[in-house]
Amino acid sequence: MSYSIRRATFFTLIATFAGVLGGFLFIYDWRESLPLAIFYALLVINTYPSVRLFSSLIPLDHGKHALADISLAGLYFFLAASLGNPQQFALCGLVLFMVAAGKYSLMFYDIPHQHLLERKVRVDLLGALMCACVLAAMNAGWILSAAWVM
């Protein structure tokens, strides 16, 4: 099994465990938290191919990428822990997508796949924009409706 497959599998299992644990410990009202749990599950499922692809492209000796990966893993734990609080979840999602966009922006000079990186950064920035809009709608009082938009 290659390094990228092991890394993607390990991260997916850890993020899944964090989501299940966060669901059991922090969800008190499933009516508000169900859309957040669905979003989290889809995010973890989507993360596997992303981690697998970019782990195969990044040189193993770059410390800045390891630091960004640790930060992103920590943000996944915060995201899982906020499954019971929609506004906190949207804020954690916003930070997660911004850190991911920053991480992939740092790679522009490290790997020769500029088009792939540009698309990944654009997708992460769109995710951040979506979370910002959802957070604004939640703060305006439309918590349940905004949670389903996620």
Side-chain angles (χ1 to χ4, degrees), residues 1-58 65-108 111 113 115-150:
M1 190 180 299
S2 72
Y3 170 75
S4 60
I5 293 173
R6 282 194 321 263
R7 186 177 176 123
T9 303
F10 177 74
F11 180 77
T12 303
L13 291 174
I14 293 296
T16 301
F17 174 74
V20 170
L21 189 64
F24 281 124
L25 294 178
F26 300 112
I27 293 179
Y28 303 107
D29 182 10
W30 275 101
R31 189 177 60 85
E32 283 187 352
S33 297
L34 180 62
L36 307 179
I38 292 170
F39 179 81
Y40 184 83
L42 292 174
L43 185 65
V44 170
I45 290 168
N46 184 53
T47 301
Y48 176 84
S50 179
V51 170
R52 184 174 173 193
L53 172 67
F54 286 102
S55 291
S56 66
L57 299 177
I58 300 170
H65 299 300
L67 179 62
D69 287 340
I70 291 168
S71 300
L72 286 170
L75 285 168
Y76 268 87
F77 279 104
F78 281 119
L79 196 64
S82 64
L83 280 169
N85 184 339
Q87 288 148 318
Q88 185 178 352
F89 186 87
L91 180 62
C92 288
L94 172 64
V95 173
L96 176 89
F97 282 116
M98 292 301 292
V99 170
K103 174 196 175 192
Y104 291 108
S105 295
L106 289 174
M107 287 187 199
F108 277 117
I111 63 174
H113 303 282
H115 181 66
L116 182 65
L117 288 171
E118 287 172 4
R119 282 189 355 191
K120 179 65 174 158
V121 169
R122 253 187 265 128
V123 167
D124 286 334
L125 290 176
L126 281 174
L129 178 63
M130 181 212 48
C131 287
C133 291
V134 165
L135 183 60
M138 286 179 175
N139 287 334
W142 298 309
I143 294 175
L144 187 58
S145 299
W148 278 106
V149 169
M150 279 189 108

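Counting only distance, with no hydrogens or angles, the side chain of Tyr40 and the backbone of Ala15 share a donor-acceptor pair below 3.5 Å. Ser4 places no side-chain N or O within 3.5 Å of a backbone atom of Ser55 that could act as its donor or acceptor partner.
Residues Val123 and Phe97 have side chains not in contact (no heavy-atom distance under 4.5 Å, counting atoms from C-beta outward). Residues Glu32 and Pro86 meet the side-chain proximity criterion, which asks for heavy atoms closer than 4.5 Å. Residues Met98 and Cys131 fail the side-chain proximity criterion, which asks for heavy atoms closer than 4.5 Å. Using a 4.5 Å heavy-atom threshold, the side chains of Leu79 and Phe89 count as touching. Within the 4.5 Å cutoff, the side chain of Phe26 has no heavy atoms near those of the Asn85 side chain. At least one side-chain heavy atom of Ile38 sits less than 4.5 Å from a side-chain heavy atom of Trp148. The side-chain heavy atoms of Phe54 and Leu116, taken from C-beta on, include a pair separated by under 4.5 Å. No side-chain heavy atom of Ile14 sits less than 4.5 Å from a side-chain heavy atom of Tyr76.
In this structure, CZ in Phe11 is found 7.0 Å from CG in Leu72, a value given to the nearest 0.5 Å. For the atom pair Ile45 CD1 and Ser50 OG, the distance stands at 14.0 Å (nearest 0.5 Å). How far CG of Leu91 is from CG of Leu96: 11.0 Å, rounded to the nearest 0.5 Å. With rounding to the nearest 0.5 Å, the separation of CG in Leu75 from CD1 in Ile70 is 12.0 Å. In this structure, CG on Leu125 lies 11.0 Å from NZ on Lys120, to the nearest 0.5 angstrom. Distance check: Asp124 CG to Lys103 NZ gives 9.5 Å after rounding to the nearest 0.5 Å.
Few gaps surround OH on Tyr48; more than 12 heavy atoms of other groups in view lie less than 6.0 Å from it.
Closest non-hydrogen pair, Val51 versus Ala8, comes out as CG1-CA, 3.6 Å. Across Tyr104 and Leu117, no two heavy atoms sit closer than the pair O-CD2, 3.9 Å. Of all heavy-atom pairs between Leu135 and Gln87, the closest is CD1-O, 3.4 Å. A pairwise comparison of heavy atoms in Glu118 and Phe108 identifies CG-CE2, 3.7 Å as the closest pair. For Ala147 against Leu36, the heavy-atom pair with the smallest separation is CB-CD2, 4.2 Å. Nearest heavy atoms, Met138 versus Ile143: O-CG1, 3.6 Å.
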